[in-house]
Amino acid sequence: MSKNAIPGQIYRRLYLCYGPQRWWPGETDLEIIVGAILTQNTSWSNVVKAIGNLKKNRMLTIERLQKAPVRSLGRLIRSSGYYIVKAKRLKSFIDFLSTRYRGDIRALSRVPTGSLREQLLSVNGIGPETADSILLYVYNRPVFVVDAYTKRIFSRHRFFDPGATYDQVQRFFTDRLIRDARLFNEFHALIVKLGKEYCKKKPLCFLCPIVDMVPRYQGR
DNA sequence: GACCAGGCACATC
DNA sequence: GATGTGCATGGT
């Protein structure tokens, strides 16, 4: 088996084991984007409460979010942690959307992927993972999302160095997989599923059994 | 009480 | 370019 085929093999094993994850967990484009920002370095269960609060208070619209003061928005999303920072980040995105696209989330679907990624990255509070999550899960672009679990699991299995950059890790996968949004969608979700089960920071991710069934990638 | 969670911006060297 | 730090809640 070609070593380049290993990521695909791992994907298939994960899919067979866990089944489709049907991400992103969110009903609307706006909810996905809000969730992507709120889940930064935060467990999803804490984000669920915050989004629930936003919905309960009918705040999950572009207009309401735009009008809301940072402080009161912060109170609603308190459970997601870093709530002042995140309230500002939500408003940064809304400002971007309003200024450049008249508040129309779907208008972004006409923008080419590279340009859209650059624009998202220019928004304060949107880094590579958040931008790529939006590109993949809202706009269905074939962009591989790299998160902490991805780095941790695959570096511990020596697929790449723990110090690898976001772009390097992303390239590792995109160079070895068919460029397909549905594949990238499920793969990232399955990695998170696996990570939650086996790969906490400590104790040192005793090697995830499913990934370990696949021969190690030895070269570089 | 310590550790961890689906990051990011900013300061400093 | 690499490294360190602040941001903060809620579950285990």
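Chain naming here is simple, since letters A, B, ... match the order of the sequence lines and numbering starts at 1 in each.
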Next item on the list: Please check if atom CD in A:Gln168 has more than 12 non-hydrogen atoms from other residues, nucleotides or ligands closer than 6.0 Å.
Entry: yes

Next item on the list: Output the single nucleotide from C:dC7, B:dC8, B:dC10 whose closest atom is nearest the side chain of A:Tyr82.
Entry: C:dC7

Next item on the list: Describe the nucleic acid contact of A:Lys196 in one word from base, sugar-phosphate, nothing, applying a heavy-atom distance below 4.0 Å.
Entry: base

Checklist line | Listed nucleotide nearest any side-chain atom of A:Arg152, set C:dA8, B:dA5, B:dG7 | finding: B:dA5

Check: Which nucleotide, B:dC8, B:dA5, C:dG10, lies nearest any side-chain atom of A:Ser79?
Finding: C:dG10

Notebook entry, point to check: Under 4.0 Å between a Lys/Arg side-chain N and an Asp/Glu carboxylate O for A:Arg22 and A:Glu186?
Noted result: no

Notebook entry, point to check: A:Asp132 pairs by side chain to side chain donor-acceptor pair (under 3.5 Å) with which of A:Arg141, A:His188, A:Gln170?
Noted result: A:Gln170

Margin query: Using atom P in both nucleotides, what's the gap between B:dC10 and C:dA8 to the nearest angstrom?
Written below: 15 Å

Notebook entry, point to check: What integer number of Å spans the C1' atoms of B:dA5 and C:dT3?
Noted result: 22 Å

Note to self: I want to check one thing: is the phosphate of C:dC7, taken as OP1 and OP2, less than 4.0 Å away from some side-chain N or O of A:Arg89?
What the structure shows: no

Margin query: Closest approach to the side chain of A:Asn124, judged atom by atom: which nucleotide of B:dC10, B:dC8, C:dG10 is it?
Written below: B:dC10

Notebook entry, point to check: Any side-chain heavy-atom pair from A:Leu135 and A:Arg117 closer than 4.5 angstrom?
Noted result: yes

Next item on the list: Please check the phosphate of B:dC8 (OP1 and OP2 only) for any side-chain N or O of A:Thr130 closer than 4.0 Å.
Entry: yes

Note to self: Looking at A:Lys151, I'd like to know whether one of its side-chain N or O atoms comes within less than 4.0 Å of OP1 or OP2 on B:dG7.
What the structure shows: no

Next item on the list: May I ask you to say what A:Ile84 touches in the nucleic acid, namely base, sugar-phosphate or nothing, with a heavy-atom cut-off under 4.0 Å?
Entry: sugar-phosphate

